[in-house]
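A short write-up of the structure that comes next.
All ligand and atom numbering here is 1-based and tracks the order in the structure.
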Amino acid sequence: MKKPIVFTLDDDPQVLRAVVRDLRNEFGKDFRIMSTTSAKEALASLTDLKNKNEAIALFLCDQRMPEMLGVDFLQQAKEVYPEAKRILLTAYSDTEAAIKAINEVQLDYYLMKPWDPPHERLYPALTDQLDEWQSSHVPDFQGIRIVGYQFSPRSHQIKDFLSGNLIPYQWLDYESSIAGQDLVAINHIEPKDLPAVFFEDGSFLLNPEIQQVGEKTGMNSKASKTMYDVTIIGAGPSGLAAAVYGGSEGLSTAVIEKRAPGGQAGTSSRIENYLGFPNGLSGSDLSRRAFSQATRFGVEFLSPQEVVSISVQDHYKIVQLADGSTLNTKSVIITTGVDYRTLEAIDVERFTGAGVYYGAATTEAHACRNSDVYVVGGGNSAGQAAMYLANFANRVLIVIRRKDLTATMSKYLIDQIAATKNIHILPETEIRQVYGDDRLAAIDVENIATGIKEKVNAAALFIFIGARPVTDWITLDIIKDEKGFIETGRELLKYESFKKSWKLNREPYLLETCSPGIFVAGDVRAGAMNRVASAVGEGAMAIKFVHQYLAEN
Ligand SMILES: Cc1cc2nc3c(=O)[nH]c(=O)nc-3n(C[C@H](O)[C@H](O)[C@H](O)COP(=O)(O)OP(=O)(O)OC[C@H]3O[C@@H](n4cnc5c(N)ncnc54)[C@H](O)[C@@H]3O)c2cc1C
């Protein structure tokens, strides 16, 4: 915890030294003493201190200074730090100015020079003021602060990225947060350039890409080695499991993740059926544990970083990254999982990130307080999200095409939903159109059995419909099924193209693609089970095959 600051200002260096010495002696244990002889320099540093989220408890300022009068300095300082105590240091001849200033700048006190002995003439007055400041001061959040509009897609993307990477942040809604408006004003930021992300070092970025935010938070997006034994693409449960096994078995291992470790599971508020956790665990907890486990085994994480293609040169694989750099590796495990299909309703695209969200979007749950929200989909992920949102929203309405949830959701979740008063199911229903100005406000819901359509208010729409494999980026000629999931192992034998291209005198390993040394694990694999445990199991298994492949080459 940073100590609050006592800021002192006097143009006479000798007097300033004496004030600082006395302040340090008495208050140095609890406060940081900052000082300067220049009022202009002091004013310039206040914005920087505010951006760094430093607290100033008290200004102690000389009245007669060549650059400006003490009262004028305090007047301007009050704009940036209105809650700090303001004390003027005056000569006898300036008492009149000081008394006038009590009203003008709401001066809290004035002290007369010289202040010897300080125990009588300095410390008691300052102690009173500092005690009063302490009693009303609420320590500010220390860490990254984002100022933006609640329903801005970029703000949502940044919040989602930081929470997925377990980086704490404070969200300041520009329309309702005074602290957010102050930060924008003192830094002369145009509201149209929001969101602004303020870092602990006092710097800020306007409307940044997540890669820029990742770099500022010290995340690593560059490979350190010229060659890896295995490169894992995607850090969902299967990628993380492969990383832990790869690292622990001595393979030089890199993991590339475009968003945040944890994948789909990372967005789950509670995974109840993962072995060994009888009370369930949150997806972020699982990811955090797995990430630190893998890091402990020396695995290198490149994140945020997106893979855009893989090519093969002799036995080596070259992984091309979105920033134009490449990474060389002897083997690859693709664990890029699945994404939600997009909802086909009029204008849905316009509001994506501004009231329409794909996946759990737990970061937006607080904004749904006291309003009606809709969840589209009947699977477990939709059920978990509905349970979580029910803690915040007035009502959660689950929109499904089927008559009920029995065929698509686990019984334990169906029971929990039935027991939650503010969750309602809209069976045999589809969403036709969405409406709003700068954010979602209403939707058309149609009962497909009766054909009756109704326009209803909706603060947010969370979409969980079907899985689309994340394989569009693979330009290499890899065999996929008709839906785009990657085929592996013996399943490949049924493809004519495989018979022509496979040149080894062994069959592909269980999780190997039609390109030797490129393996697939988890939800992106054709025939996968779409469970955390199976993704983890396949990730671990893939490393076994990597060993066998490396031994051959
Ligand atoms: C809300 C929710 C709740 C769930 N609850 C449960 C549950 O309770 N129990 C259960 O067993 N299962 C549950 N599941 C399913 C489970 O989470 C998935 O089966 C599992 O996450 C699949 O893991 P995966 O590693 O294969 O892929 P994913 O989890 O999809 O991870 C893929 C990762 O790859 C990254 N990626 C994609 N493309 C690239 C690229 N080009 N470059 C770099 N990185 C890339 C993605 O950003 C992502 O992090 C739930 C799913 C959701 C969405």
May I ask you to check if ligand 1 and V470 share an N or O to N or O distance below 3.5 Å? no
Is any side-chain heavy atom of D229 closer than 4.5 Å to one of S331? no
Does the plane of the ring in F204 sit parallel, tilted or perpendicular to the ring in F198? Use 30° and 60° as the thresholds. tilted
Would you check the N or O atoms of A521, main chain and side chain alike, for any that come under 3.5 Å of an N or O of ligand 1? no
Without hydrogens or angle criteria, can the side chains of N370 and N394 be said to hold a donor-acceptor pair below 3.5 Å? no
Compute the shortest N/O to N/O distance between R531 and ligand 1 and return yes if it is under 3.5 Å, no if not. yes
Polar atom proximity, E306 to ligand 1 (N or O, under 3.5 Å): no
Candidates R259, E257, E538, Q264; heavy atom nearest atom 49 (O) of ligand 1 found on E257
Would you please determine whether G359 falls within less than 4.0 Å of ligand 1 on a heavy-atom basis? no
Using a strict 4.0 Å cut-off to heavy atoms of I256, name the atoms of ligand 1 that fall inside it. 43 (C), 44 (N)
Could you tell me if E487 and Y495 have a donor-acceptor pair between their side chains, going purely by distance under 3.5 Å? yes
Per-atom contacts of ligand 1 with S381, taking only distances under 4.0 Å to non-hydrogen atoms: 1 (C), 2 (C), 3 (C), 52 (C), 53 (C)
Indicate whether the side chain of N380 and that of S410 have a donor and an acceptor atom separated by less than 3.5 Å. yes
So is A322 in contact with ligand 1, going by heavy-atom distances below 4.0 Å? no
K159 and E364 ion-paired at < 4.0 Å: yes
Element-labelled atoms of ligand 1 that are located less than 4.0 Å from some non-hydrogen atom of A265: 17 (O), 21 (O)
Are Y340 and Y358 an aromatic pair, judged by ring center distance below 6.0 Å? no
Here the atoms of ligand 1 under 4.0 Å from any heavy atom belonging to I271 are 7 (C), 8 (O), 9 (N)
When the ring planes of Y549 and F519 are compared, do they come out parallel, tilted or perpendicular, using 30° and 60° as the limits? perpendicular
Is it the case that the side chains of R270 and S282 hold a donor-acceptor pair, with the cut-off being a distance below 3.5 Å and no angle test? no
List ligand 1 atoms under 4.0 Å from T335, heavy atoms only on the residue side. 32 (C), 33 (C), 34 (O)
How about F291 and F301: are their ring centroids closer than 6.0 Å? yes
Quick one: does M529 get a heavy atom under 4.0 Å from ligand 1? no
Output yes when the distance from some N or O of ligand 1 to some N or O of Y412 is under 3.5 Å, and no in every other case. no
For ligand 1, is N380 a contact, meaning one of its heavy atoms is under 4.0 Å away? no
Matching residue for I417 among H424, M409, Q384 - test: side-chain contact (heavy atoms from CB on, under 4.5 Å): M409
By number and element, which atoms of ligand 1 are closer than 4.0 Å to a non-hydrogen atom of G263? 29 (O), 31 (O), 48 (C), 49 (O)
For atom 11 (O) of ligand 1, which candidate among V532, D523, L321 holds the nearest heavy atom? V532
Who gets closest to atom 53 (C) of ligand 1 by heavy atom: W473, Y358, Y340? Y340
Do E200 and K216 meet the salt-bridge criterion of a basic N to acidic O distance under 4.0 Å? no
Which atoms from ligand 1 have a heavy atom of Q305 less than 4.0 Å away? 43 (C)
Counting from 1 in the order shown, the ligand 1 atoms closer than 4.0 Å to a non-hydrogen atom of A260 are 49 (O)
